[in-house]
Amino acid sequence: MHYAFFGSPVSTMASVSTLRLLANLISQAVDTIEGVYATANATPPPLNKPWDPKDPSEALGQDPAVMEAKTKLVAAAAQLVATARDPISTLLSISDGVPLLACLRTASELNVVEILREAGPQGLHVREIASPSKVNPDLLARMLRFLATNHIFHEVAPDVFANNRISSSLDKGKPSAVLFDKPEERLTGTAAAAALVEMFGDEIIKSFAQLTETVLDPNGEQSPLKRALGVPSSGAALQLDDASRKQTTRESVQHRDAQMYLNQDLQFSNYDSEGFNWSQLPSGGILVDVGSGMGSNSLTIARKYPALRVVNQDFGPVLEKAKAHWQESFPEHFEKNLVEFQTHDFFLPQPVKGADAFLLRHITHDWSDEKTIQILQRLCDAAKPTTHLVLIEHIVPSVAEEPASIKAIPGAIRPTAPAPLLPNFGAASSAIYFRDMMMHNLGGKERTIANFVDVFDKAGWKLVRIHRIPGIEQCHIVGVPA
Ligand SMILES: C[S@@+](CC[C@H](N)C(=O)[O-])C[C@H]1O[C@@H](n2cnc3c(N)ncnc32)[C@H](O)[C@@H]1O
């Protein structure tokens, strides 16, 4: 297909091919990125050098103009490849994803990145990389070569590998000797990437292997993860006990610890207190954090709006930790008895009647529509006309433009990509769709705006506003009793 310079598809001499338009978008993005770096007298980091997050030039990668250019570049480059490449090659290349992830997980468990960090830029022969874990060096070389071909690690000479920018981002930051000495603690207190890769390469691969079977099963109530682990009941897989996980996955508890660490990281950002205007709640008003976990979200809000009274609701053992967290992090509120810790199952009638706001962060994405409606209905039953429901969740964008009914919701409109890119920026926004599939495998769902409107409606709420917070993927999705 050909496009006129600024118009609809045409087939005249003055037209520009889609390939050229995509190449132009890439070129413009590169100009922007180079421009920002040149102004700072720096150069964009090369692929074959290890990633150094403390290098001042790394901060330029977070510059808003660079971020926007990178999004366009990723979207355009992926679309260019998809457009130019033979379609069967493209389809078959999709199957690279699973073995690549499996190889990456193996490399992480064998502490390859840390061994190579200690070896330095000249790299190390695969015999020595394999030696501490006593694995087959020939097989390890084949795995590392597959990864290096996909830009993860650098094969500096035959069978000699070094870290590159991408592989080094998996660094657990500990000496390799320590990692080999205490393998069960290798992920504790480390950066998130290794923990996620190891979890994705284990549970997530196993659960995705059951996706088709689950879809085809006429009685298929089980989540793919539960199917993979042979656990009979339906519902949120995150409620699986550790013993079930251990049946078929290695060190899942360790993975979950690492994930908690990741979430903790997120909780220290201030986005909970932005978005929805918490100052509109009355002084002395009650905020109920439903499924509060550590209560970090309500804590961030209460710190900014200390006139609020907070009720954190969760299961008992979780609340014990939440209490300690609040006592340590916000003793003023705790000592004034402005925060309560209430054991409560959110499927049962809500004990706090007439709260000013119910906050649910990362709760509904763990559950099916049916269960989510039950949770929200319990809150609606206990609400007063002025109660606000605030969900903090990701929103899955439609690939196509949203219909007018959705665009009419305040805050629903999001930036769309210039043609010929897909309106949702294609590959640059693939992570949210992966996340949705992952949540499905765990028994939950990330939702589109239309999905949120639907579950709100069925539970007695009206979705009135969406708050998007710059630089943050999660949105505040606000409802009032219908
Ligand atoms: C994904 S975590 C989110 C925690 C917190 N809102 C946050 O954003 O960090 C889900 C929380 O829901 C709690 N939870 C799960 N099922 C629950 C139920 N039936 N009743 C109350 N809490 C529940 C879990 O214990 C966990 O703390």
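Each residue takes its place number in the sequence, starting with 1. All values below were derived from every heavy atom in this structure, side-chain atoms included, with hydrogens, water molecules and symmetry-related copies excluded. Every number for a ligand or one of its atoms is a count from 1 in the order of the listing.
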Quiz prompt | Ser292 contact mode with ligand 1 (heavy-atom cut-off under 4.0 Å) | solution = backbone
Quiz prompt | contact_flag Gln313 ligand 1 heavy-atom lt 4.0 Å | solution = no
Practice problem: Would you tell me which option among Trp367, Phe346, Phe347 has the nearest heavy-atom contact to atom 22 (N) of ligand 1? | Solution: Phe346
Quiz prompt | Presence of salt bridge, Glu68 and Lys72, under 4.0 angstrom | solution = yes
Exercise. Compute the shortest N/O to N/O distance between Asp345 and ligand 1 and return yes if it is under 3.5 Å, no if not.
Key: yes
Quiz item: Between Asn451 and Thr448, is any side-chain donor less than 3.5 angstrom from a side-chain acceptor?
Solution: yes
Practice problem: Flag the pair Asp381 and Lys353 as a salt bridge only when some basic side-chain nitrogen lies within less than 4.0 angstrom of an acidic carboxylate oxygen. | Solution: no
Quiz item: Between Arg447 and Asp369, is there a side-chain N and carboxylate O pair less than 4.0 Å apart?
Solution: yes
Quiz prompt | Between Asn312 and Ser298: side-chain donor-acceptor atoms closer than 3.5 Å | solution = yes
Practice problem: Answer yes or no: does an N/O atom from Asp314 fall short of 3.5 Å to an N/O atom of ligand 1? | Solution: yes
Self-check item: Whether Phe330 and His333 hold their rings parallel, tilted or perpendicular, with breakpoints at 30° and 60°
Solution: parallel
Practice problem: Closest by any non-hydrogen atom to atom 8 (O) of ligand 1: pick that one out of Arg361, Glu393, His362, His344. | Solution: Arg361
Practice problem: Run the numbers for me: atoms of ligand 1, each under 4.0 Å from some heavy atom of Ile363, listed by number. | Solution: 10 (C), 11 (C), 12 (O)
Exercise. Would you kindly specify which portion of Asn297 sits under 4.0 Å from ligand 1, judged on non-hydrogen atoms: side chain, backbone, both or neither?
Key: side chain
Quiz prompt | Val290 and ligand 1 - part of the residue with a heavy-atom distance under 4.0 Å | solution = neither
Quiz item: Is Gly291 in polar range of ligand 1, meaning some N or O pair under 3.5 Å apart?
Solution: yes
Quiz item: With the threshold set at 4.0 Å, does a side-chain nitrogen-carboxylate oxygen contact exist between Arg186 and Glu109?
Solution: yes
Quiz item: So which bit of Met294 gets within less than 4.0 Å of ligand 1, heavy atoms only: side chain, backbone, both or neither?
Solution: neither
Quiz prompt | Side chain, backbone, both or neither: the part of Asp366 lying under 4.0 Å from ligand 1 by heavy atom | solution = side chain
Quiz item: Does His388 reach the side chain of Phe276, with side-chain heavy atoms less than 4.5 Å apart?
Solution: yes
